[in-house]
Amino acid sequence: MADLPIPIFTSLHEIYGDANAALSQATRWNALLEHYQTVFGAKATHVARAPGRVNLIGEHIDYALFGVLPTAVEPDILIALSLSPSPGGHITAENQDERYERQSFAATRSGGKWEVGIDTSELRWESYVKAGYYGVLNRYLDTDAAAPKSINMLVTGSVPAGSGLSSSAAMVVASTLSFLVMNGALDRVTKGELVRLAMENEKRVGVNSGGMDQAASVISTPSAALYITFHPRLHSSPVQIPSTHPGAVFVITNSLVVSDKALSAKVNYNLRVVETLVAARVLARGLGVSVGEGEKVTLREVVGRWAGEGEGEDIGPERLETALHMLLGETERIFDRAEEGITHGEMVKASGLAEEAFHELYLSWVEVEATRFRLYARTKHVLSEALRVLQFRRVCLSHSTPTSTPQVHGEEVLRDLGRLMNESQESCSKLFQCSCRELDELTKLAREAGAYGSRLTGAGWGGCAVSLVAEPDVPAFIERISKSFAPYRKLSKEQLKEAVFATKPSSGAGVYVVE
Ligand code: NG1
């Protein structure tokens with residue numbers, strides 16, 4: 001799938017998978033194109049589209065290189081585009097959301113590179129547009145080439161920001177696509193290359209993201225979830241959600257707590273990236289697995305080496321599952337299990353590196369802030385969550401065709417999947433500490449409202465939960481949760497519809513050519 005070209009769409013039906021969904025999106029698309037003409041006095045020629053995603057299971061393990069199971073959703077970022085006749089490579093980016101001001105900028109050449117002036121000291125919406133531009137310019141445009149094209153862009157989005165549905169990745173993928181198509185470079189990239197480019201681009205905005213979101217936003221199809229693995233290289237395969245009776249539906253509920261990953265990165269996201277990297281070295285040391293002095297080894301690589309995986313090989317899901325089971329026991333022996341975590345000095349000692357080498361390897365490239373580091377709890381979460389992804393996938397694969405005793409079987413399957421989701425929530429909350437009071441409450445209320453399983457989705461610390469609900473129970477579930485979760489009571493009907501909704505898988509990113 002990663003080797004396929006970027007799709008060029010000519011109908012909304014192709015994008016949203018069915019005629020009804022396409023119809024309900026048509027008004028929004030038409031409004032965007034009309035607005036574009038009013039703002040820029042000319043018609044848009046293309047619309048770049050990138051969807052958000054919901055991660056069904058596998059949280060905070062992509063940057064440890066373990067497989068995850070997301071699916072693209074209907075909410076998306078759209079960027080209407082056309083070349084502007086003005087010379088000089090001017091980019092004018094307007095956002096339909098009035099909170100975000102119009103921005104104009106142009107790339108400059110400096111020291112053999114293109115620069116676009118990304119300001120990471122504060123959160124600015126255009127940084128995500130510039131991040132996409134930076135990657136395209138530096139990868140596909142010579143610095144001694146004539147000035148890049150001038151472009152007018154109008155952005156709109158239905159993925160709520162800071163909600164764990166990956167609006168930031170959708171934004172960066174859509175902007176990367178925009179600059180590729182406008183500079184005539186779209187046919188030079190495959191889906192896999194777009195994922196890698198968007199990942200690098202997002203790092204420019206300050207988050208050391210793992211790659212799951214970009215892969216889900218780019219590679220998804222409307223028919224299945226994706227099992228995405230990152231080791232030894234990016235790979236994805238479709239996983240059909242079992243066609244059980246009753247059918248399985250994933251319902252999104254927004255906790256309404258906005259979590260800004262980029263702003264809290266040094267105490268949350270990036271700190272977890274560092275903790276899990278150091279934990280990998282400590283685990284390797286305890287297991288007698290060899291790691292190069294300057295190597296930033298990941299937990300997935302340590303598990304593989306311990307299980308006898310050769311360079312560039314993948315031991316496959318079965319052997320990985322067995323290895324994870326065994327290693328979960330080993331963590332008890334290897335790590336200091338102090339509840340409050342260990343100090344910086346203790347962590348350096350456990351890594352076996354000299355202070356200076358430790359700093360260079362783990363802290364020189366990222367800003368983190370902590371007095372204690374919980375390597376044991378983080379490792380336990382990562383290994384057990386990686387195991388749950390494999391189990392979830394196995395349940396799905398073994399029930400992907402309807403069975404002869406559908407009713408009984410269906411409920412059993414939903415119970416199995418739900419249990420794994422609940423265990424994931426518990427682990428995210430207690431061991432990885434990436435939940436929050438509202439998400440703990442919301443997932444508990446979701447189970448009380450009839451969900452088989454409920455868990456936070458995405459980075460956490462706020463944002464959305466995803467719940468597994470039997471199809472016939474969806475309306476009752478939505479009604480109950482709307483009443484029981486206190487913050488929902490003050491929402492209007494419209495706001496509630498945006499906060500609580502059943503997901504439909506959608507196709508991955510692509511470019512729509514306006515006729
Ligand atoms: P969100 O915050 O939902 O986009 C982030 C990371 C993912 C992954 C999850 C946690 C980015 C762009 N995304 O997702 O790669 O690590 O957290 O599972 O940083």
Side-chain angles (χ1 to χ4, degrees), residues 7-35 44 46-54 56 70-80 96 156-160 163 165-167 170 174 216-226 238-254 400 402 410 414 450-451 457 464 466-479 481-482 491-515:
I8 306 285
F9 298 116
T10 49
S11 83
L12 298 192
H13 193 148
E14 284 170 85
I15 299 175
Y16 295 106
D18 70 67
N20 279 343
L23 203 65
S24 67
Q25 292 285 341
T27 325
R28 181 172 158 248
W29 280 68
N30 288 337
L32 176 73
L33 293 174
E34 274 167 29
H35 189 176
H46 297 81
V47 178
R49 171 195 185 257
R53 62 98 188 91
V54 55
L56 302 181
T71 173
V73 290
E74 231 178 24
D76 52 19
I77 303 284
L78 305 177
I79 307 184
Q96 274 201 322
T156 190
S158 54
V159 193
S163 67
L165 297 185
S166 222
S167 61
S217 182
V218 172
I219 302 177
S220 289
T221 64
S223 56
L226 283 182
V239 174
Q240 296 286 340
I241 300 306
S243 40
T244 51
H245 297 279
V249 174
F250 292 95
V251 181
I252 306 291
T253 51
N254 193 331
S400 52
L414 297 187
T457 181
C464 291
V466 54
S467 302
L468 174 60
V469 180
E471 203 167 4
D473 301 344
V474 171
F477 171 82
I478 292 182
E479 201 185 319
I481 198 87
S482 307
L491 297 186
S492 68
K493 245 189 174 160
E494 263 325 290
Q495 289 169 321
L496 196 60
K497 260 201 209 150
E498 280 175 23
V500 182
F501 57 92
T503 45
K504 291 195 197 89
S506 90
S507 69
V511 173
Y512 178 88
V513 181
V514 184
E515 279 162 317

Problem set entry | Closest heavy-atom pair and its distance - Ser507, Pro51 | O-CG, 3.5 Å
Exercise. Does Phe250 reach the side chain of Ile241, with side-chain heavy atoms less than 4.5 Å apart?
Worked result: yes
Seminar exercise, completed: Nearest heavy-atom contact between Ala170 and Ala50 is O-CB, 3.3 Å
Exercise. What is the distance from atom CG of Leu56 to atom OG1 of Thr457, rounded to the nearest 0.5 Å?
Worked result: 7.0 Å
Problem set entry | Any side-chain heavy-atom pair of Phe9 and Val511 under 4.5 Å | no
Exercise. Going by heavy atoms in the side chains, are Ile219 and Leu226 under 4.5 Å from each other?
Worked result: yes
Exercise. Looking at side-chain heavy atoms only, is the closest gap between Phe477 and Ser467 below 4.5 Å?
Worked result: yes
Problem set entry | Euclidean distance, Gln25 CD relative to Asn20 CG, rounded to 0.5 Å | 12.0 Å
Exercise. Are any side-chain N or O atoms of Thr253 and backbone N or O atoms of Val500, one a donor and one an acceptor, separated by less than 3.5 Å?
Worked result: no
Seminar exercise, completed: Taken to the nearest 0.5 Å, the spacing of Phe501 CZ from Cys464 SG works out to 6.0 Å
Seminar exercise, completed: Tightest non-hydrogen contact, residues Pro238 and Ala224, listed as CB-CB, 4.0 Å
For this session: Taking the side chain as every heavy atom from C-beta outward, state whether Glu74 and Thr503 have any atom pair closer than 4.5 Å.
Result: no
Problem set entry | 4.5 Å side-chain heavy-atom contact, Ser166 and Val159 | no
Exercise. Could you walk me through whether Tyr512 and His46 pass the side-chain contact (heavy atoms from CB on, under 4.5 Å) check?
Worked result: CA-CA 6 Å; Tyr512 178 88; His46 297 81; over 6 Å; no
Exercise. Do you know the tightest heavy-atom contact between Ala216 and Ser220?
Worked result: O-OG, 2.7 Å
For this session: For Glu479, look at atom CD and say whether over 12 heavy atoms of other residues, nucleotides or ligands are found less than 6.0 Å away.
Result: no
Problem set entry | Approximate separation, where rounding is to 0.5 Å, of Asp18 CG and His13 NE2 | 6.0 Å
Problem set entry | Val54 vs Pro70 side-chain heavy atoms within contact, under 4.5 Å | no
For this session: Identify, with sequence neighbours excluded, every residue that meets side chain to side chain contact (heavy atoms under 4.5 Å, CB included) alongside Pro472.
Result: Pro246, Ala470
Exercise. For Ala44 and Val514, which heavy atoms make the closest approach, and how far apart are they?
Worked result: O-CB, 3.6 Å
Exercise. For Gln495, does its backbone N or O pair with a side-chain atom of Glu498 as donor and acceptor, under 3.5 Å?
Worked result: no
Problem set entry | Ser482 side, atom OG; Lys493 side, atom NZ - distance, nearest 0.5 Å | 11.0 Å
Problem set entry | Side chains of Pro7 and Arg49 in contact at under 4.5 Å (non-hydrogen atoms) | no
Exercise. Does any N or O in the side chain of Glu14 come within less than 3.5 Å of the main-chain N or O of Ser11, such that one atom is a donor and the other an acceptor?
Worked result: yes
For this session: Run the salt-bridge test on Arg53 and Asp76 with the 4.0 Å N-O cut-off and return the result as yes or no.
Result: no
Exercise. Once you round to the nearest 0.5 Å, how far does CD1 of Ile77 lie from OG of Ser158?
Worked result: 7.0 Å
Exercise. Which heavy atom in Leu12 sits nearest to a heavy atom in Ala26, and how many Å separate them?
Worked result: CD1-CA, 3.7 Å
For this session: Using the side chain to side chain contact (heavy atoms under 4.5 Å, CB included) rule, pick out the option among Val513, Ile15, Leu33 that qualifies with Val47.
Result: Leu33
